[in-house]
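Let me begin by presenting the structure, written as structure tokens, before commenting on it.
Below, chain A is the first sequence line, B the second, and so on; all start at residue 1. Bear in mind the structure is a predicted one, so any value in this text is a computation, not a measurement.
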Amino acid sequence: MIRITLTDNSIKSFDKPIAVLEIAKDISPSLAKATLGAFVNGIEVDATFIINNDSNLKIITDKDNEGLEIIRHSTAHLLAQAVKELYPTAQVTIGPVISDGFYYDFSYERPFTPEDLILIERKMQQLVEQNLPIKRIEITRNKAIEYFASIGENYKVQIIQQIPEDQTISLYSQGNFTDLCRGPHVPSTGKLKAFKLTKVAGAYWRGDSNNEMLQRIYGTAWRNKDELQNYLSMLEEAEKRDHRKIGKQLSLFHLQEEAPGMVFWHPKGWVMWQIIEQYMRQEIEKDGYKEIRTPLVVDRSLWEKSGHWQNYSELMFTTHSEKREYAIKPMNCPCHILVFNQGLKSYRDLPLRLAEFGSCHRNEPSGGLHGIMRVRGFVQDDAHIFCTEEQMEEEAIKFIDLTYKIYKKFGFEDVILKLSTRPAKRVGEDHLWDLAEEALAKALKNKGLEYILQPGEGAFYGPKIEFTLKDCLGREWQCGTLQLDFNLPERLQAVYFDKDNSKKTPVMLHRAALGSFERFIGILIEHYEGKFPLWLAPVQLVILNISEKQIDYTKQFYENLKNNGFRCEIDLRNDKVGYKIREATLQKIPYLLIVGDKEVDTNTITVRKRDGSDLGQMSEMQLNDLLQAELNQ
RNA sequence: GCCGGAAUAGCUCAGCAGGUAGAGCAGCUGACUUGUAAUCAGAAGGUCGAGGGUUCGAUUCCUUUUUCCGGCACCA
């Protein structure tokens, strides 16, 4: 007798070993139909898995996240099967689930084209219609290697050779196609109803750029057609928020061939920049930072001392003059240490927080550039905190607080935190690493923040916390950073005198909240879809006359608003008001002020918001109050 | 940097089989004096990213190159 305990704690008994799917049938035919897999005693298995002993059972359907993952993983296999049928000489490699879908990497004699994608997708549909059963087989390593070697799947052979000896090797077969896989998978191809291949791209085998480049096909898969459609519509919507597109539409900035990866800021974009910079300046001053300014072009000897010349040279722009070689600074830290080193420093001077809106240039690989998010010339809201080992944690907490406050002001509540710890290649004593990693972890825990631990991902000179925001397409961009540095202060001989008059090397914290102005503004554009809050909007108000008769009144009103400190534009063009409203709305200006005879007679203006809502007529005073209230929120 | 794709008027885009280019919007000129997301008319605007080649002839085909786009790698 086998007793199966279900999730509601009810127990079903069977007199012989039984498959999950049979149990589901026993519960209800509709459940059986929806069954994609199961957890048996907490272990994820196929629907065809046969239970031999008393067990706990949780059936996975497409309602569960695991169910969706199974669908996506099985769709990746379906893709591989279709590719093998259409292009038998292609070799399969790996095909994992990713957010919203899956990909599969193939080795093939030529890249796949968008036309191939159409054919492959059609073939996938056919295989779905055939509703092929998907079967699991467990075999020995040697047999598996023998099998894949015999059909020329060399990558699979490599993969199996790296699976630990004690792990069972499982294969999944559907039709003529057999793939190495841990599973689980849907019981048959007919369960895959809503998928679409999205793009082809090159990708390195095992993610190493020294290896062969494979052909990667990306796809998305969902529970049903509606979900798929929603996802595709969401992508379309997201595209409209693209900062490159909006930046052009609102004339905030442009990029051009003559200066790849460097931004030409237009008047409106630069207004935003200045607003942000001034806000940041005000915030860091409150937090005890001292703002400084250091040179952009610095002699090679400094970069040799700092180690950048040896380790970072590919990324540095260099120049020379009168037999001397210079580098355009890729970062501000060495210069900040030079400022620290001026005059003697006492422990009483610490923590010393030196801040700079520092213009940096890095010769990033051409393929990595992306709009204003990843550029070669950028300005960091940079600062370096020189402190003692004991002060690290408190400074970390202070910075986390500051960063969250700033993000909140800009409307970001959703921040991904990552803590990266010591890599294999590193400098600094282990006890210092212990101390530093603990300081950062404690700071995060102290604030009650969730974070992703990235072991071994720290810089060679110290651990770090990264603050990551997402763009409209779900791509993650690191903005803020907090890095401890045990290396540079020592290399550049930064010292302070401690209580006992001994010379000590300070710990240095690199930190930036926005990261770079360029990236942060890019994210702001996408976050707000160009509809910036009043305090950030480059143009806050536009005042429109209806006909020539109101020109004088309109001009006067405009002057008054400007004198009151509002960023206001005036549109006196001889066009219909509907036309002017359309244009101002497309420019996403928060408030449109309309002046006709009615307003002139009553000494008012009519206020319309960019969302189309009509706030009616109001006096200049009323408008002022309304705007001030919004700015003070 | 690697794989693939793209580059045509200020902007968004046509131009699918080689015969030196089209539209809409914007801009300009004129008319209209307008009440909440596009008034009408007219003229004008491009060595089709750059270099080289094939051809009687290249925006179109080939090649080199630059930049951009999608991934990958990178992001001490």
Side-chain angles (χ1 to χ4, degrees), chain A residues 98 103 105 108 110-114 116-117 198-218 239 242 244-245 248-249 251 254-261 306-316 330-331 333 362-371 373-375 423 425-427 457-462 464 466 473 475 477-478 481 483 485 487-488 515 519 544-551 573-587 592-599 606-617:
Chain A
I98 52 174
Y103 67 76
D105 285 349
Y108 192 46
R110 63 166 175 85
F112 293 115
T113 64
D116 292 326
L117 239 56
T198 48
K199 54 198 171 198
V200 278
Y204 299 106
W205 165 236
R206 294 188 186 282
D208 184 338
S209 59
N210 297 314
N211 287 343
E212 181 203 349
M213 185 156 265
L214 304 172
Q215 305 305 322
R216 176 170 298 179
I217 298 177
Y218 284 93
E239 238 173 81
D242 192 312
R244 293 165 297 192
K245 199 169 176 153
K248 194 179 270 181
Q249 284 164 352
S251 189
H254 85 272
L255 294 129
Q256 69 180 61
E257 209 170 327
E258 287 79 356
S306 71
H308 291 100
W309 197 269
Q310 298 83 330
N311 299 314
Y312 207 66
S313 60
E314 276 169 25
L315 283 173
M316 285 200 285
M331 48 194 57
C333 351
R362 293 181 191 171
N363 198 0
E364 298 281 356
S366 55
L369 303 178
H370 178 89
M373 304 280 218
R374 182 106 185 250
V375 285
K425 268 183 79 177
R426 60 179 182 267
V427 301
E457 294 288 307
F460 76 87
Y461 50 72
K464 62 182 175 186
E466 287 174 5
L473 292 169
R475 285 184 283 219
W477 296 96
Q478 185 206 314
T481 183
Q483 308 185 9
D485 192 338
N487 177 52
L488 212 49
R519 174 174 299 177
L544 323 168
N545 64 324
I546 285 174
S547 74
E548 277 177 3
K549 279 181 283 178
Q550 307 94 25
I551 283 185
R573 287 175 305 172
N574 181 14
D575 271 302
K576 289 197 164 172
V577 72
Y579 177 81
K580 295 201 238 186
I581 285 172
R582 175 183 155 80
E583 203 157 85
T585 306
L586 290 174
Q587 283 298 305
L592 317 188
L593 311 177
I594 293 137
V595 176
D597 287 338
K598 219 161 56 183
E599 288 77 10
T606 295
V607 181
R608 177 189 160 115
K609 291 176 80 164
R610 71 184 147 200
D611 64 9
S613 57
D614 182 2
L615 303 187
Q617 277 175 260

Given [N], is OP1 or OP2 found less than 4.0 Å from the side-chain N or O atoms of [X]?
X: A/Lys199; N: B/G71; answer: yes
X: A/Tyr579; N: B/U33; answer: no
X: A/Arg244; N: B/G70; answer: yes
X: A/Arg573; N: B/G27; answer: yes
X: A/Arg608; N: B/A37; answer: yes
X: A/His370; N: B/G71; answer: no

Gap between atom OG1 of A/Thr585 and atom CD of A/Gln587 - 0.5 Å precision: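 If we round to the nearest 0.5 Å, A/Gln587:CD and A/Thr585:OG1 are 10.0 Å apart.
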Spacing of NZ belonging to A/Lys464 relative to CD belonging to A/Gln478, to within rounding of 0.5 Å: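 Atom-to-atom, A/Lys464:NZ and A/Gln478:CD are 6.0 Å apart.
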With no angle test and no hydrogens, is the base of [N] tied to the side chain of [X] by a donor-acceptor pair under 3.5 Å?
X: A/Arg374; N: B/C74; result: yes
X: A/Tyr204; N: B/G71; result: no
X: A/Gln215; N: B/G71; result: no

Of A/Glu599, A/Lys598, A/Gln617, which meets side-chain hydrogen bond (donor to acceptor under 3.5 Å, both in side chains) against A/Thr606?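 For A/Thr606, the side-chain hydrogen bond (donor to acceptor under 3.5 Å, both in side chains) test succeeds with only one of A/Glu599, A/Lys598, A/Gln617, which is A/Glu599.
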Under 4.0 angstrom, heavy atoms only, what part of the nucleic acid is [X] near: base, sugar-phosphate, or nothing?
X: A/Glu466; result: nothing
X: A/Tyr218; result: sugar-phosphate
X: A/Pro111; result: sugar-phosphate
X: A/Thr113; result: nothing

Euclidean distance for [atom1], [N] against [M] (whole angstrom):
N: B/G46; M: B/U36; atom1: C1'; answer: 38 Å
N: B/G45; M: B/A23; atom1: C1'; answer: 14 Å
N: B/U12; M: B/G1; atom1: P; answer: 26 Å
N: B/A43; M: B/C56; atom1: P; answer: 40 Å

When you match A/Gly371 and A/Arg216 each to their closest nucleotide on RNA chain B, which lands nearer the 5' end?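 By nearest-heavy-atom nucleotide position, the 5'-most residue is A/Gly371.
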Select from A/Asp485 and A/Gln256 the residue whose nearest nucleotide in RNA chain B is closer to the 5' end of that strand.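 Result of the comparison: A/Gln256.
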Donor + acceptor pair across side chains of A/Glu314, A/Asn363 (<3.5 Å):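 Judged by distance alone, the side chains do not pair up.
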Nearest to the side chain of [X], heavy atoms from C-beta on, is which of [options]?
X: A/Pro365; options: B/U36, B/C74, B/G35; value: B/C74
X: A/Ser366; options: B/G1, B/U33, B/U67; value: B/G1
X: A/Lys248; options: B/C11, B/U33, B/U39; value: B/C11
X: A/Leu369; options: B/G35, B/C74, B/C68; value: B/C68

Report the distance from atom [atom1] of [X] to atom [atom2] of [N], rounded to the nearest whole Å.
X: A/Ile98; N: B/G71; atom1: CD1; atom2: C1'; result: 10 Å
X: A/Asp208; N: B/A73; atom1: CG; atom2: P; result: 10 Å
X: A/Glu239; N: B/G70; atom1: CD; atom2: C1'; result: 11 Å

Which atoms form the tightest heavy-atom contact between A/Leu117 and A/Thr198, and what is the distance?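 Looking at all heavy atoms of both residues, the shortest contact is CD2-C, 4.3 Å.
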Can you name the nearest heavy-atom pair linking A/Asn211 to A/Trp205, along with the distance?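 For A/Asn211 and A/Trp205, the tightest heavy-atom pair comes out as ND2-O, 2.8 Å.
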Does A/Lys199 qualify as a cation-pi partner of A/Tyr218, given the criterion of NZ or CZ under 6.0 Å from the six-membered ring centre and within 45 degrees of its axis?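 The answer is yes; both the distance and angle limits are met.
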With a 4.0 Å cut-off on N to O distance, would you call A/Arg244 and A/Asp242 a salt bridge?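 The answer is yes: the pair qualifies as a salt bridge.
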Please work out the stems of RNA chain B from pairs that are Watson-Crick or G-U wobble with both distances under 3.5 Å, keeping only runs of three or more consecutive pairs.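 So far as stems of 3 or more pairs are concerned, RNA chain B shows B:1-7 with B:66-72, B:10-13 with B:22-25, B:28-31 with B:39-42, B:49-53 with B:61-65.
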